[in-house]
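Data block below; observations after.
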Amino acid sequence: MRVLVTGAAGYIGYAVARRLVAAGHEVDGLTRRDAALPDGVRPVRGDVLDPGSLPSGPYDGVCHLAALTRVRESFQEPLRFFTANVQGTVNVLRAAEGARVVFGSTAAVYGTPERQPIPETEAPAPSNPYGASKLAAEQAVRYHARTGAIGAVVLRTFNVAGSVDGRPDPDETRLIPKALAVAAGRAPRLEINGDGRAVREFLHVDDLAAAYAAALEAVDLGEDRVYNVGSGAGTAVHEVVAAVQEVTGRPVPTLRRPPQPEPPVLVCDAAAIRAELGWRPERSALPEIIRGSWAALTRGDG
């Protein structure tokens, strides 16, 4: 296929573009500025908020990953998040006529459900502007698919971690990158909300990229599907800290903060994508994620 990847220079977009090249696709990577892209990806300058800058294709597939993603920032600038995540998606959809679209969404659309693990049948109830903006974008994608203009797969991702091509996750607002930064001496301590018993799951970014590659083959024009993508293996925050200390051989000092209104458990049921697309996480064991991330973070550190 000829495939456009938006956000191709980003943490997840890079991994997706890399996987698609390895699968034999012709890949264009949309970026707003000069940036490193995987070998074999053709750079295309453009911005999802500038419809005139988007390439017209034609493309067989589009993986749409360009988005704003930080939950806490979304409370401060909700309109910015809705503009980027909803209007940006609408602009991409207009440029994607006749293509199969794989849309990168998030577990944040579920809010704080009591049922765990969370299946795709759980009613969405986002509790922050970020999740609400991604849900609105999902709906735009799926309704547009039902006109026959595109085929669409929505991938709802939980916590992504790990490294490909020696590229660590640069977002130290996330647990594993921040814990590793502390272990490396680049930050004094890891702040933890509450007692550290909140449970999350972690998926290797390369496993997620494999899900995008599989999803491109999953639908025809006029069809739409939604899949959770995750490991399904829950780990408490304090267990992640212990694993980082064990893998790195370094201490990770922590500072407990007051509990925040966050879900005590967020684990996904990914049975549907396993059964229908044959996808399986292969690199998402926590020690492997941490080892690769640590190696990427500390390469060249004497």
Side-chain angles (χ1 to χ4, degrees), residues 9-15 18 36 69-76 106-108 112 116-117 128 130 157-209 229-268 281-302:
Y11 173 57
I12 295 174
Y14 180 100
R18 172 181 174 272
T69 61
R70 292 185 175 179
V71 171
R72 289 181 177 85
E73 285 184 10
S74 76
F75 283 104
Q76 299 164 3
T106 170
T112 57
Q116 299 288 336
N128 54 68
Y130 164 59
T157 305
F158 286 58
N159 290 298
V160 184
S163 169
V164 296
D165 289 351
R167 291 167 55 94
D169 181 353
D171 187 352
E172 291 184 4
T173 68
R174 293 196 274 254
L175 175 59
I176 290 177
K178 184 56 180 284
L180 289 171
V182 173
R186 301 184 185 187
R189 67 186 66 83
L190 174 68
E191 296 185 2
I192 295 175
N193 296 329
D195 60 7
R197 296 186 182 277
V199 172
R200 299 293 184 265
E201 65 164 56
F202 299 91
L203 181 71
H204 196 290
V205 66
D206 191 41
D207 284 335
L208 176 57
V229 188
S231 66
T235 306
V237 170
H238 70 86
E239 293 173 328
V240 174
V241 174
V244 168
Q245 293 181 134
E246 181 176 354
V247 168
T248 65
R250 305 277 189 90
V252 179
T254 59
L255 176 65
R256 288 190 180 182
R257 294 294 189 187
Q260 298 296 312
E262 299 172 333
V265 179
L266 275 180
V267 178
C268 90
E282 297 180 351
R283 302 183 60 185
S284 292
L286 189 61
E288 179 174 349
I289 286 175
I290 294 171
R291 278 194 297 270
S293 300
W294 178 245
L297 181 68
T298 57
R299 59 179 180 168
D301 278 11

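The side-chain hydrogen bond (donor to acceptor under 3.5 Å, both in side chains) check on E191 picks up R257, with sequence neighbours excluded. S293 meets the side chain to side chain contact (heavy atoms under 4.5 Å, CB included) test with L180, I289; sequence neighbours excluded. Qualifying salt bridge (Lys or Arg N to Asp or Glu O under 4.0 Å) partners for R70, counting only residues two or more places apart in sequence or in other chains: E73, D171. For A236, the side chain to side chain contact (heavy atoms under 4.5 Å, CB included) partners at least two apart in sequence or on another chain are V199, H238, E239. Residues forming a salt bridge (Lys or Arg N to Asp or Glu O under 4.0 Å) with E262 (at least two apart in sequence, or on another chain): R72. The side-chain hydrogen bond (donor to acceptor under 3.5 Å, both in side chains) search around Y130 returns none, not counting sequence neighbours. Evaluation of the side chain to side chain contact (heavy atoms under 4.5 Å, CB included) rule for V237 yields L175, I192, A198 as partners, not counting sequence neighbours. Legend: residues meeting side-chain hydrogen bond (donor to acceptor under 3.5 Å, both in side chains) with D169, ordered by chain and number and at least two apart, are R174. Residues forming a side chain to side chain contact (heavy atoms under 4.5 Å, CB included) with R256 (at least two apart in sequence, or on another chain): D195.
Here the CD1 atom belonging to I176 is positioned 5.5 Å from the CG atom belonging to L286, to the nearest 0.5 angstrom.
When atom types are taken as modelled, the side chain of Y11 and the backbone of A161 share a donor-acceptor pair closer than 3.5 angstrom. At least one donor-acceptor pair under 3.5 Å links the side chain of Q245 to the backbone N or O of V252. Judged by distance alone, with hydrogens and angles left aside, the side-chain atoms of Q260 form a donor-acceptor pair with the main-chain N or O of P258 at under 3.5 Å. Distance alone, capped at 3.5 Å, places no donor-acceptor pair between the E172 side chain and the A181 backbone. With hydrogens and angles disregarded, a donor-acceptor distance shorter than 3.5 Å links the side chain of R299 to the backbone of G166.
Considering only heavy atoms from C-beta on, Q116 comes within 4.5 Å of L266 through its side chain.
When all heavy atoms are compared, the tightest approach of V182 to P253 is CG1-CD, 3.5 Å. Nearest approach of S231 to L203, heavy atoms of both residues: N-CD1, 4.0 Å. Scanning all heavy atoms of the two residues, the minimum distance from G230 to P281 falls at O-CG, 4.5 Å. Summarising the geometry of I290 relative to A243, their closest heavy-atom pair is CD1-CB, 3.6 Å, with the distance given to 0.1 Å. Scanning all heavy atoms of the two residues, the minimum distance from V164 to A15 falls at CG2-CB, 4.0 Å. The shortest heavy-atom contact between A36 and Y14 is O-CD1, 3.9 Å.
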Assess whether side-chain contact (heavy atoms from CB on, under 4.5 Å) is satisfied between R186 and L297, documenting all intermediate values. CA-CA 10 Å; R186 301 184 185 187; L297 181 68; 3.3 Å; yes

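For the side-chain hydrogen bond (donor to acceptor under 3.5 Å, both in side chains) condition, the pairs that include at least one residue of residues 281-291, sequence neighbours left out, are D206-R283, D207-S284, R283-E288.
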